[in-house]
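Encoded as structure tokens, the structure appears first; notes follow it.
Nothing fancy with the numbering, it's 1 onward along the sequence.
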Amino acid sequence: MSCVRNSKEKDSICCIRAVLLFVLFPVVLRAQEVHEYTDSLVVSNGQATVVVNTVTGKLDYRFAGGIRLSNTVAYVADIHLGYIATAGFGQHPCSVDRVQEGGEKAVRINIKHIDDRPFFLLQRVTVYENHPYLLLELQVVSTDEKTLLETRCISPLAVLPAQNAHLLVTGNEPRILDMPFDNDDWVHVLERKWDEGKNKTTTGIGYNCASVYDNTTMAGMVAGSVTHDFWKTGIAYGAGAVKGVVDSFNVFGGAAVPDDPSLPADYGGRDGTHDLVPHGTMLGISVRSPVVYLGGGPDVRKVFVDYGKVNAKINGSLSWKGYAPFYWNSFGVEGVLGYSGVMMPAGVTKISDFIHSLDQFNRYAKPVMSIDSYDQSIYSTELLTSLGKYAAKKNQQLGFYFSPFATWTWKNSLEQTKLPGTDYPLRDAVLRDKDNQPIAYKSGDWAAFAMDPTSPATRYYIIGQLQKAKTINAKFIKIDFLTAGSLESTTRYDRTVRSGLQAYNYGMKMLKHLIDSIMGPDIFITQAISPMFPSQYAHTRFVSTDVYSHLRDDEPGFPSWGSTESSLATGSHVWWVQGTLWPYTNLDVSIMKNFQKNPDLSEQEIKVRLYAMMAMGSILGDGSDFRNAIAAERAKKYLNNANICAFFSNPKAFTPLKFADGESFDQQVSFYLPGDTVLVAMFNFSRQQEFKDSYSRAALGLKNGRYSVRDFMTGEQLGVMEKNEDVFSLTVPRQDARLVKLVPY
């Protein structure tokens, strides 16, 4: 069906009709019902409603839970033609198609924004029959071959003050969730709030996805890209003095934001895309935005899970057969490179012997011995092969570490250095800035230089690394510093690749193909430092940067980052990636005594760390020196606990009952895992306050009946929830955690 609207109708009349329609029909509208009027088009599935104003070309979006976006536009910033918004055209004819996508019924709204210019903007909104989310896209199309389009910034969804637009979320504790581009440099997810009645604007930019929600009711919306083959997606926002009203919310392809050392780390200092040159341009007689997911509802947690599922459906995801891997990693003992000689090589065999003695730790998958971040001249292929043979006698397998898109070398030797394992000069494989200088992803005299994923030199380097992994019979690969391959550059070997993310996607696809062809399809791949998207090339990814296992970032003697609190605070907002983007997450390793030369940990910190890993659905890794008697005894108690090992054989992420909020280290968060036996995890990082909370049957999905509340690790009964009780309470002491199972009688 199609509809062409009268452009002379007054905007105010159209807005009144649209609002009245939403108020009068939120319940009676059936799935994908379409209503056409002389000045508007309304499509609703009962959970999400789209109102197209065919006079102004603006769109309104409404979701259950009180989320509203009004007077939104789409736009493109063309290199030659300038800024062009949908509302700037004179006519906005639209059509509606009923389509099938992956077996699901959907209605696709097509709005064509036209006038006498030699191009038009085609805006598409897809409304699904049974889902509370929409997919949005903008395409700019030239009407003649003479008009070539070129852009490095395009948006299918923009709430802009100049268009009298706003985003509204109901509730008393509104928040904007600001996500970093990658998991490097220990940057955090931010929960931004703004003060009512104060003449101050809260502004910022997040990446890939963002959320606006109420921290008490959890009603909210999620917006984020679901295509990751060209554009780095940014979400720029601004909220003023009115509670629950976001004045600007701009989701756009083309984010390339350098780090600014003068700013705080989480506010532009280290949370950008780390680029030194502008985003690459899309060029052609037509250009497209990223496809953007927009969903809302009374429970933002469900909306986030749907976002993960849609990404997996569109881009694919890996699965893993059998038990999840258990692994030991040398980095917590040896540190970088191995020059200190802490583990060489007899120490590794002693660790292997000890791990073999842990019957529960060995009950499921073969444990992995992973030598991390090593120097090839020390941990040579021959030595690793020997260690692999030794491990195999203990029913263990070897892990392999490398960085596919970054190489470390001395800055002053780059021009003379060959890319390791190849005959290619390193200078021919690196990415370059606007001054044609090599880009150091990690700067310094000893630096990590970003490599071009499209270069044949990079391909041969990866092949050489994977052949070593094959030689030592590795079945587990940790790939690191992947963000380097996504950086924008003024030059690339393949000139048809025009953006950093396009090059990164190219490189990751190549890497996965080479792993399959050289090593076989049964290799477990974990990503360390990396962008969140594209996600379909690995089995797991670090939730945050390296975790040193101390409780809080401000503990004396420890680094001011990498704590359990810091990683779990971030994790409370990205738990949804487990089971959608990846089969598992990775919260880095636990430590039984001390990480490298850091102070000793308490047993309480060890327990909290393991419970945090469980809550995130992480695989189980440890980085302890088991030659130490204290570390060995604690490992027997915690790493060899039957309940702990059974859980990690098939880990599942818990759903947050209470998000981390704000920047305090005194976070008190809770999670639950539904099932026949419901698990509840509570974490109290406060030094001053106990954490007491109550949980209802409805919140936990409990049936009517009597439940025994038992400690997860020991099975000790802590209490009983009687049939006539709808709520039970738990208390956690300061700087502690509690994990209980609710066992039905």
Side-chain angles (χ1 to χ4, degrees), residues 1-22 32-44 48-62 68-78 81-99 106-127 134-144 147 149 151 154-166 249-252 286-289 291-292 294:
M1 63 180 70
S2 64
C3 47
V4 180
R5 307 303 173 205
N6 182 354
S7 62
K8 295 181 181 180
E9 289 283 346
K10 290 188 178 294
D11 187 19
S12 60
I13 296 175
C14 180
C15 289
I16 291 171
R17 287 182 176 177
V19 171
L20 286 174
L21 190 68
F22 179 71
Q32 300 167 297
E33 188 158 324
V34 179
H35 291 266
E36 294 188 69
Y37 300 90
T38 57
D39 52 14
S40 62
L41 170 73
V42 180
V43 179
S44 177
T49 299
V50 184
V51 180
V52 183
N53 184 326
T54 53
V55 176
T56 65
K58 299 178 183 179
L59 275 66
D60 296 348
Y61 301 99
R62 308 284 189 261
R68 302 184 180 187
L69 296 85
S70 301
N71 291 330
T72 73
V73 298
Y75 72 84
V76 62
D78 189 88
L81 302 173
Y83 174 85
I84 307 157
T86 51
F89 286 77
Q91 299 178 62
H92 313 281
C94 61
S95 64
V96 175
D97 301 324
R98 295 192 179 270
V99 297
V107 166
R108 180 166 296 139
I109 307 169
N110 310 289
I111 310 112
K112 193 173 183 180
H113 307 276
I114 58 174
D115 54 19
D116 57 358
R117 283 176 274 196
F119 57 87
F120 62 88
L121 271 57
L122 179 60
Q123 196 174 2
R124 289 195 173 101
V125 180
T126 304
V127 184
L134 315 166
L135 294 186
L136 318 179
E137 184 180 11
L138 178 68
Q139 184 178 4
V140 189
V141 182
S142 174
T143 55
D144 63 63
T147 304
L149 303 164
T151 181
I154 184 169
S155 168
L157 174 66
V159 174
L160 304 175
Q163 301 290 347
N164 192 31
H166 65 268
F249 191 84
N250 180 11
V251 185
F252 65 97
S286 71
V287 294
R288 295 176 180 269
S289 73
V291 177
V292 166
L294 180 65

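Rounding to the nearest 0.5 angstrom, the gap separating the CG atom in L138 from the CG atom in L157 is 11.0 Å. Taken to the nearest 0.5 Å, the CZ atom of R124 stands 15.5 Å off from the CG atom of L134. Residue H92 holds its NE2 atom at 7.0 Å from NE2 of H113, rounded to the nearest 0.5 Å. In this structure, the separation between CG on L59 and OG1 on T86 is 7.5 Å, given to the nearest 0.5 Å. Atom OG1 of residue T54 and atom CD1 of residue I111 lie 10.0 Å apart, to the nearest 0.5 angstrom. Atom CG of L160 is separated from atom OG1 of T72 by 9.0 Å, given to the nearest 0.5 angstrom.
Here S70 pairs with D60, R62, H166 under the side chain to side chain contact (heavy atoms under 4.5 Å, CB included) rule; sequence neighbours left out. Not counting sequence neighbours, the partners of S155 by the side-chain hydrogen bond (donor to acceptor under 3.5 Å, both in side chains) test are N250. Contacts of N164 classified as side-chain hydrogen bond (donor to acceptor under 3.5 Å, both in side chains), with partners at least two apart in sequence or in another chain: none. With sequence neighbours excluded, the residues forming a side-chain hydrogen bond (donor to acceptor under 3.5 Å, both in side chains) with T126 are R108, listed by chain and number. For D78, there are no side-chain hydrogen bond (donor to acceptor under 3.5 Å, both in side chains) partners two or more places apart in sequence or in a different chain. For D115, the salt bridge (Lys or Arg N to Asp or Glu O under 4.0 Å) partners are R117, not counting sequence neighbours.
A heavy-atom distance below 4.5 Å is found between the side chains of L149 and L81. Looking at heavy atoms from C-beta onward, I109 lies in side-chain contact with L41 at the 4.5 angstrom threshold. Between L122 and N110 there is a side-chain heavy-atom pair separated by less than 4.5 Å. Within the 4.5 Å cutoff, the side chain of I84 has no heavy atoms near those of the Y75 side chain. The closest side-chain heavy-atom distance from E33 to S44 is not below 4.5 Å. Within the 4.5 Å cutoff, side-chain heavy atoms of V34 are placed close to those of R98.
For the residue pair P118 and D144, the shortest heavy atom distance occurs at CB-OD2, 3.4 Å. Here the closest heavy-atom approach between residue L121 and residue A85 is recorded as CD2-C, 4.2 Å.
In this structure a side-chain-to-backbone donor-acceptor pair under 3.5 Å is present from K58 to Q163. Between the side chain of S286 and the backbone N or O of V140 there is no donor-acceptor pair closer than 3.5 Å. The main-chain N or O of T147 is found under 3.5 Å from a side-chain atom of S142 such that the two form a donor-acceptor pair. Here the side chain of S40 pairs no donor or acceptor atom with the backbone of N53 at under 3.5 angstrom.
Ring-plane geometry between F89 and F119 is classed as perpendicular, the angle between the planes exceeding 60 degrees on a 0 to 90 degree scale with a lower cut at 30.
Applying the side chain to side chain contact (heavy atoms under 4.5 Å, CB included) test between V50 and each of L136, V107, V127 identifies V127 as the sole match.
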